[in-house]
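Everything below concerns the one structure shown next.
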Amino acid sequence: MIHITLPDNSVKNYEAGVTAFTIASDISEGLARNVLAAKVNGEVWDANRPIFNDASVQLLTWNDEDGKAAMWHSSAHLMAEAIELLYPGAKFGIGPDIENGFYYDIDFGSHDISDKDFGKIEQKMLELAREKQEFTRKDISKKDALDYFTKKGDEYKLELISELEDGEITLYESGHFTDLCRGPHIPNTGVIKAIKLLKVAGAYWRGDEKRKQLTRIYGITFPKKKELDEYLVLLEEAKKRDHRVLGKELELFTFSQQVGSGLPLWLPKGAQLREKLEQYLKQVQKDAGYESVITPHIGNVNLYKTSGHFQKYGAESFRPITTPVEGEEFFLKPMNCPHHCEIFNYKPHSYKELPIRLAEFGTVYRYEQSGELHGLTRVRGFTQDDAHIFCMPDQIKSEFNGVIDIIQQIFTALEFNDVLIQISLRDPKTPEKYIGTVENWEKAERAIIEVAEERGLNAKIEYGEAAFYGPKMDFMVKDAIGRKWQLGTIQVDYNLPDRFDLTYIGADNEKHRPVMIHRAPFGSMERFVAVLIEHCAGNFPLWLTPDQVIVLPISEKYQDYAEKVLSLLKKHEIRGLIDDRSEKTGRKIRDAEMKKIPYMLIVGEKEESDEMLSVRKHGGEDLGAMNIGEFAQLINDEVKASMQKK
RNA sequence: GCCAGUAUAGCUCAGUUGGCCAGAGCAGCUGAUUUGUAAUCAGCUGGUCGGGGGUUCGAAUCCCUCUACUGGCUCCA
């Protein structure tokens, strides 16, 4: 007999070898039908894997993340099985579950797969799912595993197995398909009722650009058809808040094939929005002791040779600009830091001056790979809200804290609540990838980790994600369809100060090396605006939105009054426009709604004679009539309220 | 850069297996209408069918190539 402890702390006795499925059956038939996997002593197991010792068991269903994962991982096997039947000879790489669904990397040989083949594969999968194929776990020796996949001729699995230890290798068999797999899986394929293959893409084997590209097929499955339909509607809805769609609709930015790929053109309304953001951050930075500097868009190649950027990025950049002088070359700046280092260097500094914080909205140019470009989130010319802090080593922590204050203030003001924080450190296995001494790296990494701990930040540490010149802390936000984008960044740099031989005179009258902190709270104006658009679905906060109000005269007769209203509002720092078209009010309201203008001010005979406005909020709320002063007060209070939140 | 797609008017899209001067709605322009909380009516303008090359009696439609865009991979703010 063994003791099974359930989440409610009740303990049940079972014969050794009991499965989670049996335990579920004991509780209720419905639960047995819905159980997908089980957490056994904290580890996710198959629902039909025998338990031989005392254990705490939590049954997992579709409502648990781990339950979904088991289902999607099993769906990847199901897809592989269907593909093996439809395309004999296909070889399989890896097929994990992901945040929303699963994928499988497959080598189809000479066969080309496109989304036109999805229907056929989905059909086959459904067919196989209905067979209620059971997933069977088998422990296997390394030798037998190698034999099996050698016979099958799957070099990808062989490579994976060769890296595993004997004794930890398991296979899972379902229907006609056997896969190298650690599990866990759902009891049988019967629970998979709705299947949708979503996209096909090339993916390098093991993520290595130099290795073969396999065909990756993404898909998602659900236990109910209705849930699939709801998911697809959700995806459609998300597409409507795509910044590229809204950017066009709201006339914020555009691109031109003539100007070039990845080079955004900011339209008047977009520029207005961006300027508001810049003004806001400039004020915050001024208050925090930053000084503005301005540097050119190009720099001599030697500058980047000194900084190391040329060696690192030269080959993948825009090519150097030549001049009439033989051998003279300039580079479009890919970073602002070298220029700022030279600003620091223009005169000797005393320790009493530090920290020196140099800020610039600096436009940089990077020749991103063509396939990387993406709306405003990934472009070739962009403006960083950059600043470099030159400080003494013992000031790092307080400076780091100051920067996090600014970043958090911004994210709070714009209501970015779901921010992921990542600390990127060296990959200890490849020290040759980084420049700078081990000692300095350790110092910097320790400072970042300490700050995060002291502030209680929920930060995730990633090894091998650091920049080549130093460790960093990044702030990431998801876009409309769940892709993560890095916005704010803080990077410690012990390297550039060395390369540029930056020094300050200490209290001991000796030269010392300052530490440099790179930081950009927005990251770049382009990416930040893109993510902001998606975050608020184009309904910008009142203080930021290009047009705060639109005056809608009922007819031409009230045009003069409309103009009077607008000019009075302008005196209260309220910006907007008049819809003076010869259209009905209903039409003007509709168009203003589409433009997502926060306040519509309807003026007709009644309003004119009483010096009033009829106020309608975006979305339909009728605030009734009020006079111009009252309305101005309302707007300015709302703006002030959001500013205070900052 | 790689894999797979897409490219028709300012925007969103039709254009059947290659066959009459390439269509619609919205936007724009002109006129009528003077309007009260999500689309007033009529007329008109607007397209080298992304660029180039080819196959064909004939190409928006088939093939090649370049460019841009989309979804991934790799990379990155």
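Model, not experiment: these values are computed from the prediction. Numbered from 1 within each chain, the chains take letters A, B, ... in sequence-line order.
For K564(A), the side chain to side chain donor-acceptor pair (under 3.5 Å) partners two or more places apart in sequence, or in a different chain, are E611(A). Looking at residues two or more places apart in sequence or on another chain, you find a side chain to side chain donor-acceptor pair (under 3.5 Å) between Y87(A) and K120(A). In terms of the side-chain contact (heavy atoms from CB on, under 4.5 Å) criterion, residue partners of S114(A) (sequence neighbours excluded) are, by chain and number, K116(A), D117(A). Taking the ring-ring contact (aromatic ring centres under 6.0 Å, His included) definition, one finds that Y104(A) meets it with F92(A), sequence neighbours left out. Legend: residues meeting ring-ring contact (aromatic ring centres under 6.0 Å, His included) with Y304(A), ordered by chain and number and at least two apart, are F331(A). Residues passing the ring-ring contact (aromatic ring centres under 6.0 Å, His included) test with Y156(A) are W205(A), sequence neighbours excluded.
Remark: S370(A) is in phosphate contact with G1(B), judged by side-chain N or O atoms under 4.0 Å from OP1 or OP2. Within the structure, every side-chain polar atom (N or O) of Y204(A) is placed at least 4.0 Å from both OP1 and OP2 of G72(B).
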Taking distance alone, no hydrogens or angles, what donor-acceptor pairs closer than 3.5 Å link side-chain atoms of residues 617-625 of chain A to residues at least two apart or in another chain?
residue, atom, partner, partner atom, Å
H618(A), ND1, E593(A), OE1, 2.9
H618(A), NE2, N539(A), OD1, 3.1
D622(A), OD1, G624(A), N, 2.8

Atom pairs and distances, donor-acceptor, side-chain atoms in residues 252-267 of chain A, under 3.5 Å, two or more places apart:
residue, atom, partner, partner atom, Å
S256(A), OG, Q258(A), N, 3.0
S256(A), OG, V259(A), N, 3.0

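Less than 4.0 Å separates RNA chain B from at least one heavy atom of each of the following residues of residues 240-255 of chain A: R244(A), K248(A).
Just one residue in the list K484(A), Q486(A), Q422(A) forms a side-chain hydrogen bond (donor to acceptor under 3.5 Å, both in side chains) with D474(A), and that residue is Q486(A).
Across C69(B), A77(B), G72(B), the shortest atom-to-atom separation from the side chain of S261(A) is found for C69(B).
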**OP:** List the protein contact pattern of nucleotides 35-49 of chain B with one symbol per nucleotide (5' to 3'): B for base contact, S for sugar-phosphate-only contact, - for none; contact means a heavy-atom distance under 4.0 Å.
**Re:** BBBBBB---------

Original post:
Dot-bracket, RNA chain B: Watson-Crick or G-U, under 3.5 angstrom, [ ] crossing, | other strand?
Top reply: (((((((..((((.....[...)))).(((((.......))))).....(((((..]....))))))))))))....

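The residue R483(A) sits close only to the backbone: its heavy atoms come under 4.0 Å of sugar-phosphate atoms, none of a base.
Identified under the ring-ring contact (aromatic ring centres under 6.0 Å, His included) test for residues 588-614 of chain A, with sequence neighbours left out: Y599(A)-F631(A).
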